[in-house]
Amino acid sequence: MFLRLLLGTGTIFLSLILGAFALAFVGYNWPDTLSTMLSWARDLKSVITSTGLDPKYNIWVELLLEERQLLFMFFTIAARILLAIIAAPFTSR
């Protein structure tokens, strides 16, 4: 059980690092693509904040949610999926 907890935590930490490297890699090699993705994240933020949520809650969503965070979450989730695909043959029973 402890090994599974350690493996899960390590995978999450590694996916954060790989997501940051992937974000930097795309930004360095394809800045136009990263700019387009940032625009998509801006559009997604406007969709999320215009859901009709009560203003006393929506103001916190608007304040705390940024486009850069959404973009970093995308790269982190993509890295997590890639790690799961790579680790699947080694962890399946």
Side-chain angles (χ1 to χ4, degrees):
M1 170 139 158
F2 179 73
L3 183 61
R4 285 181 94 30
L5 178 67
L6 187 62
L7 183 63
T9 305
T11 305
I12 290 171
F13 182 70
L14 186 59
S15 67
L16 286 171
I17 292 172
L18 287 176
F21 278 125
L23 178 66
F25 181 78
V26 170
Y28 183 75
N29 291 312
W30 302 287
D32 294 339
T33 302
L34 190 63
S35 178
T36 302
M37 292 174 81
L38 195 57
S39 174
W40 291 344
R42 195 173 297 115
D43 294 341
L44 181 61
K45 179 185 176 183
S46 69
V47 168
I48 291 171
T49 57
S50 65
T51 58
L53 191 63
D54 191 84
K56 69 179 181 181
Y57 302 116
N58 197 37
I59 190 65
W60 292 108
V61 174
E62 289 180 27
L63 185 67
L64 298 174
L65 187 65
E66 293 186 14
E67 296 87 7
R68 294 172 297 185
Q69 291 172 336
L70 287 171
L71 193 58
F72 181 61
M73 278 193 291
F74 167 76
F75 280 103
T76 303
I77 291 170
R80 180 94 166 114
I81 291 170
L82 181 67
L83 285 173
I85 290 171
I86 291 172
F90 301 109
T91 58
S92 63
R93 295 179 189 191

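Values in this document were obtained by computation on a predicted structure and should not be read as measured data.
Sorted by first then second residue, the ring-ring contact (aromatic ring centres under 6.0 Å, His included) pairs that include residues 46-73, not counting sequence neighbours, number zero.
The NZ atom of Lys56 sits 10.5 Å away from atom CG of Leu53, with the distance rounded to the nearest 0.5 Å. The distance from atom CD of Glu62 to atom CG of Asn58, rounded to the nearest 0.5 Å, is 4.5 Å.
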- Task: Starting from the C-alpha separation in whole Å, work towards a yes-or-no answer on side-chain contact (heavy atoms from CB on, under 4.5 Å) for Leu71 and Leu34.
- Result: CA-CA 9 Å; Leu71 193 58; Leu34 190 63; 3.5 Å; yes
- Task: Walk me through it: do Arg42 and Leu38 pass the test side-chain contact (heavy atoms from CB on, under 4.5 Å)?
- Result: CA-CA 6 Å; Arg42 195 173 297 115; Leu38 195 57; 3.9 Å; yes
Contacts table for residues 11-20: side-chain donor-acceptor under 3.5 angstrom, sequence neighbours left out:
{"residue": "Thr11", "atom": "OG1", "partner": "Leu7", "partner atom": "O", "Å": "2.7"}
{"residue": "Ser15", "atom": "OG", "partner": "Thr11", "partner atom": "O", "Å": "3.3"}
{"residue": "Ser15", "atom": "OG", "partner": "Ile12", "partner atom": "O", "Å": "2.7"}

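Here the side chains of Asp43 and Ser39 are in contact, with some heavy-atom distance below 4.5 Å. Proximity of Met37 to Phe75: side-chain heavy atoms (C-beta onward) are separated by under 4.5 Å at one or more points.
The two atoms that bring Ser46 and Ser50 nearest to each other are O-OG, 2.7 Å, heavy atoms only.
Taking Ile, Leu, Val, Met, Phe, Trp and Tyr as hydrophobic and joining them when side-chain heavy atoms fall under 4.5 Å apart, one finds Ile85 in a cluster with Ile77, Ile81. Through direct or indirect side-chain contacts shorter than 4.5 Å among Ile, Leu, Val, Met, Phe, Trp and Tyr, Tyr28 is connected to no other residue.
A donor-acceptor contact shorter than 3.5 Å links the side chain of Thr49 to the backbone of Lys45.
Partners of Leu44 under the side chain to side chain contact (heavy atoms under 4.5 Å, CB included) rule, at least two apart in sequence or in another chain, are Ile48, Leu70. For Phe25, the ring-ring contact (aromatic ring centres under 6.0 Å, His included) partners at least two apart in sequence or on another chain are Trp30.
Clustering ILVMFWY residues whenever any of their side-chain heavy atoms sit less than 4.5 angstrom apart, transitively, puts Met73 in a cluster other than the one holding Val26.
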